Amino acid sequence: MKNILVTGCAGFIGSNFLNYILKERDDVFIVNLDKLTYAGNLENLKPIENNKNYRFIKGDITNVELVDYIFTKYSIKYVINFAAESHVDRSILGSSVFYQTNVMGTNVLLEAARRYNVEKFLQVSTDEVYGSLGATGLFTESTPISPNSPYSSSKAAADLMVQAFHHTYGMPIVITRCSNNYGPLQFPEKLIPLMIINTLNGKKLPIYGDGLNVRDWIYVIDHNKAVELVFEKGKIGEVYNIGASREMTNVEIVKLILNKLGKGEEMIEYVKDRPGHDRRYAIDSSKIQNELGWKPSFQFEQAMEYTIDWYLSNKNWWDRIISGEYQKYYEVQYRNR
Ligand code: NAD
Ligand code: TYD
């Protein structure tokens with residue numbers, strides 16, 4: 001049995017990860033430490049809440065005593081760190097909590113991992129640490145780190161710290177850097193769920209700038225399978241890029257959603273651009289493909305269709321979210337745009 005502390009699993013990617021891995025395997029015991037911020041929702045974990053190999057602890061990864069207690073009580077030998085403040089626009093409105101959680105939180109986990117001699121520490125990172133690409137080229141693992149937003153700079157700082165713990169203390173770390181995810185359970189502040197829900201509610205679809213910024217989309221389960229593989233087989237000290245080579249402009253994504261939902265392009269509203277908006281992300285994932293044998297298994301059109309259908313049939317899930325705290329954020333974020 002592997003005793004793993006997996007953080008931030010009430011959020012989008014982490015909840016999909018636990019729902020997937022605990023269904024597939026019974027050789028892992030997982031403690032999920034999550035603060036339940038605005039982005040954390042225990043409803044996401046209904047399928048596994050009574051699993052005998054699972055415990056939930058509500059708490060903050062920056063809490064040294066709590067993290068220490070968890071390592072002792074559950075004999076933790078492995079860490080997978082999903083917990084983060086994850087939304088670029090929020091990081092532009094206020095950056096402190098991003099550095100607190102993403103940098104200091106990672107430091108608390110690393111220090112505990114060092115005290116308890118963990119056997120593997122997997123840091124879930126993002127392609128955004130590489131900065132922005134022009135019209136051509138791809139991010140490889142040797143692309144220099146050059147983050148542009150408070151969010152991506154906090155993730156880059158964490159990556160550098162994780163690598164420093166490997167070089168200095170011999171900590172057995174691995175880092176994954178994935179491109180933009182989509183799928184069920186994604187919080188509606190992010191592009192795809194926001195556009196689906198606005199369409200269903202008859203609200204305008206706010207596209208930043210000229211809408212020609214490019215993101216490289218991957219279905220969340222493909223990301224999670226790659227994380228599992230890197231956790232099991234990734235070479236200590238290494239970084240692995242994860243992506244499904246599906247570049248799309250934002251306007252293409254929005255039109256695809258409108259088309260699927262039978263609505264017209266008059267719902268689109270071009271609004272003021274995001275400050276410092278990265279133009280293009282695109283991932284070269286040949287390292288994980290060649291060295292670990294991973295490849296994406298979901299086809300973009302089908303997985304997008306499934307995702308849109310999921311939002312159509314889970315109105316209760318997102319209705320509760322958009323009627324609460326989120327409403328205030330939406331007003332501030334999209335006011336005067
Ligand atoms: P999310 O915002 O949906 O979920 C984050 C989770 O972390 C929430 O459950 C939240 O409650 C928890 N959390 C936040 N601060 C915490 C703290 N201080 N202590 C404990 N828990 C805390 O994010 P997501 O989209 O699921 O992203 C998960 C990870 O994957 C992040 O590290 C993110 O940087 C990375 N990532 C995301 C994407 C993407 O497209 N969403 C792509 C690549 C990498
Ligand atoms: P987002 O989902 O916030 O992910 P990230 O910024 O981490 O890539 O945004 C994806 C793209 O969509 C990005 O180029 C910004 C753009 N976008 C809009 O045009 N309008 C919106 O309302 C949002 C939330 C994003």
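Everything quoted here is computed from the prediction, not taken from an experiment. Atoms within each ligand, like the ligands themselves, are counted from 1 in listed order.
- The residue among I13, I61, N181, L191 with a heavy atom at the shortest distance from atom 40 (O) of ligand 1 is N181.
- Of all atoms in ligand 2, listed by their number and element, those nearer than 4.0 Å to a heavy atom of I207 are 19 (O).
- In summary, the side chains of S154 and N102 do present a donor paired with an acceptor at a separation below 3.5 Å, with no hydrogens or angles considered.
- Although no hydrogens or angles enter the test, the distance criterion places a donor-acceptor pair under 3.5 Å between the side chain of S153 and the main chain of P150.
- Among protein heavy atoms, atom 22 (O) of ligand 2 sits closest to Y334 OH, 2.6 Å.
- Among all non-hydrogen protein atoms, the one lying nearest atom 35 (C) of ligand 1 is V124 CG1, 4.0 Å.
- Remark: the backbone N or O of R279 is paired with a side-chain donor or acceptor of S132 at under 3.5 angstrom.
- Between the side chains of N3 and Y78, no donor-acceptor pair of N or O atoms lies under 3.5 Å.
- A 6.0 Å sphere centred on NZ of K204 holds more than 12 heavy atoms belonging to other residues, nucleotides or ligands.
- When only non-hydrogen protein atoms are considered, atom 15 (C) of ligand 2 lies nearest to H277 NE2, 3.4 Å.
- Of the N and O atoms on the side chains of N181 and W217, not one donor lies less than 3.5 Å from an acceptor on the other residue.
- Considering both main-chain and side-chain atoms, K35 comes within under 3.5 Å of ligand 1 through a nitrogen or oxygen pair.
- Taking a cut-off of under 4.0 Å to the non-hydrogen atoms of G40, the atoms of ligand 1 that pass are 8 (C), 9 (O), 11 (O).
- Taking atom 1 (P) of ligand 1 as the reference point, the nearest protein heavy-atom neighbour is S86 OG, 3.5 Å.
- One finds a salt bridge joining D159 and R177 here, because a Lys/Arg side-chain nitrogen approaches an Asp/Glu carboxylate oxygen to under 4.0 Å.
- Side-chain atoms of D222 come within 3.5 Å of backbone N or O of F298 as a donor-acceptor pair.
- When the side chains of ILVMFWY residues are joined at heavy-atom separations under 4.5 Å, either directly or via intervening members, V31 and I13 end up in two distinct hydrophobic clusters.
- Of all the heavy atoms of S179, the ones lying under 4.0 Å from any atom of ligand 1 belong exclusively to the backbone.
- Considering only non-hydrogen protein atoms, atom 4 (O) of ligand 1 sits nearest to G11 CA, 3.4 Å.
- In this comparison of A10, C9, A84, the heavy atom closest to atom 5 (C) of ligand 1 sits on A84.
- T7 places a side-chain N or O within donor-acceptor distance of the main-chain N or O of A83, the cut-off being under 3.5 Å.
- Taking distance alone, with nitrogen or oxygen atoms compared against 3.5 Å, V88 stays at or beyond that limit from ligand 2.
- Residue T101 holds the heavy atom nearest to atom 15 (N) of ligand 1 of all those in T101, N81, N63.
- Using modelled atom types and a 3.5 Å distance limit, the side chains of Y219 and Q299 yield no donor-acceptor pair.
- If you check the side chains of R90 and Y151, you find no donor sitting under 3.5 Å from an acceptor.
- The atoms of ligand 2 that sit less than 4.0 Å from any heavy atom of K190 are 2 (O).
- Looking at atom 32 (O) of ligand 1, its nearest protein heavy atom turns out to be K155 NZ, 2.7 Å.
- The main-chain N or O of G131 is never found under 3.5 Å from a side-chain atom of Y281 such that the two would form a donor-acceptor pair.
- At a threshold of 4.5 Å between non-hydrogen side-chain atoms, the residues V129 and F139 do not count as touching.
- Under 3.5 Å, the side chains of D216 and S245 contain no donor-acceptor pair of N or O atoms.
- Considering backbone and side-chain N/O atoms, R215 comes within less than 3.5 Å of an N/O atom of ligand 2.
- For atom 34 (O) of ligand 1, the candidate residues are Y151, F12, F82; the nearest heavy-atom contact is made by Y151.
- Side-chain atoms of D284 and T140 include no donor-acceptor pair closer than 3.5 Å.
- Residue D60 approaches ligand 1 through these ligand atoms, each under 4.0 Å from one of its heavy atoms: 17 (C), 18 (N), 19 (N).
- At the top of the distance list for atom 7 (O) of ligand 2, counting protein heavy atoms only, stands E128 OE2, 2.5 Å.
- Counting protein heavy atoms only, atom 19 (O) of ligand 2 is closest to Y208 N, 2.9 Å.
- Among protein heavy atoms, the minimum distance from atom 24 (C) of ligand 2 is reached at E189 O, 3.2 Å.
- N250 ND2, 3.4 Å is the protein heavy atom nearest to atom 16 (C) of ligand 2.
- Contacts with ligand 2 closer than 4.0 Å are made by side-chain heavy atoms of N180 only, the backbone lying farther away.
- Remark: the Y329 side chain and the H87 side chain contain an N/O donor-acceptor pair separated by less than 3.5 Å.
- Ligand 2 has no N or O atom lying under 3.5 Å from any N or O atom of W217, backbone or side chain.
- At the shortest separation from atom 44 (C) of ligand 1 among protein heavy atoms lies S125 O, 3.1 Å.
- Of all the atoms in ligand 1, the ones that sit under 4.0 Å from a non-hydrogen atom of A83 are 7 (O), 21 (N), 22 (C).
- In terms of protein heavy atoms, atom 6 (C) of ligand 1 is closest to G8 O, 3.5 Å.
- The shortest contact between atom 11 (O) of ligand 1 and any protein heavy atom is with D34 OD1, 2.6 Å.
- Of all the atoms in ligand 2, the ones that sit under 4.0 Å from a non-hydrogen atom of P206 are 18 (C), 19 (O), 20 (N), 21 (C), 22 (O).
- Near N180, with a cut-off below 4.0 Å to any heavy atom, the atoms of ligand 1 are 40 (O).
- Judged purely by distance below 3.5 Å, without hydrogens or angles, the side chains of S86 and K190 pair a donor atom with an acceptor atom.
- When hydrogens are left out, the protein atom nearest atom 10 (C) of ligand 2 is L191 CB, 3.8 Å; that is the closest non-hydrogen contact.
- At the top of the distance list for atom 13 (N) of ligand 1, counting protein heavy atoms only, stands T37 CG2, 4.0 Å.
- Within the 3.5 Å criterion, the main-chain N or O of F12 finds a donor-acceptor partner in the side chain of N16.
- Which parts of ligand 2 touch H87 is read off a 4.0 Å heavy-atom cut-off, strictly below it: atoms 3 (O).
- Listed by atom number, the atoms of ligand 2 under 4.0 Å from L194 heavy atoms are 22 (O).
- With a 4.0 Å heavy-atom cut-off, ligand 1 is reached by the backbone of L36 but not by any atom from C-beta on.
- For G105, the heavy-atom gap to ligand 1 stays at 4.0 angstrom or more.
- With hydrogens left out, the protein atom closest to atom 6 (O) of ligand 2 is R274 NH1, 2.5 Å, a heavy atom.
- A distance-only check finds a donor-acceptor pair linking the side chain of K120 to the backbone of G234 [under 3.5 Å].
- When only modelled atom types and interatomic distance are considered, E189 and Y38 share a side-chain donor-acceptor pair under 3.5 Å.
- Ligand 1 places these atoms under 4.0 Å from at least one heavy atom of G59: 19 (N), 20 (C).
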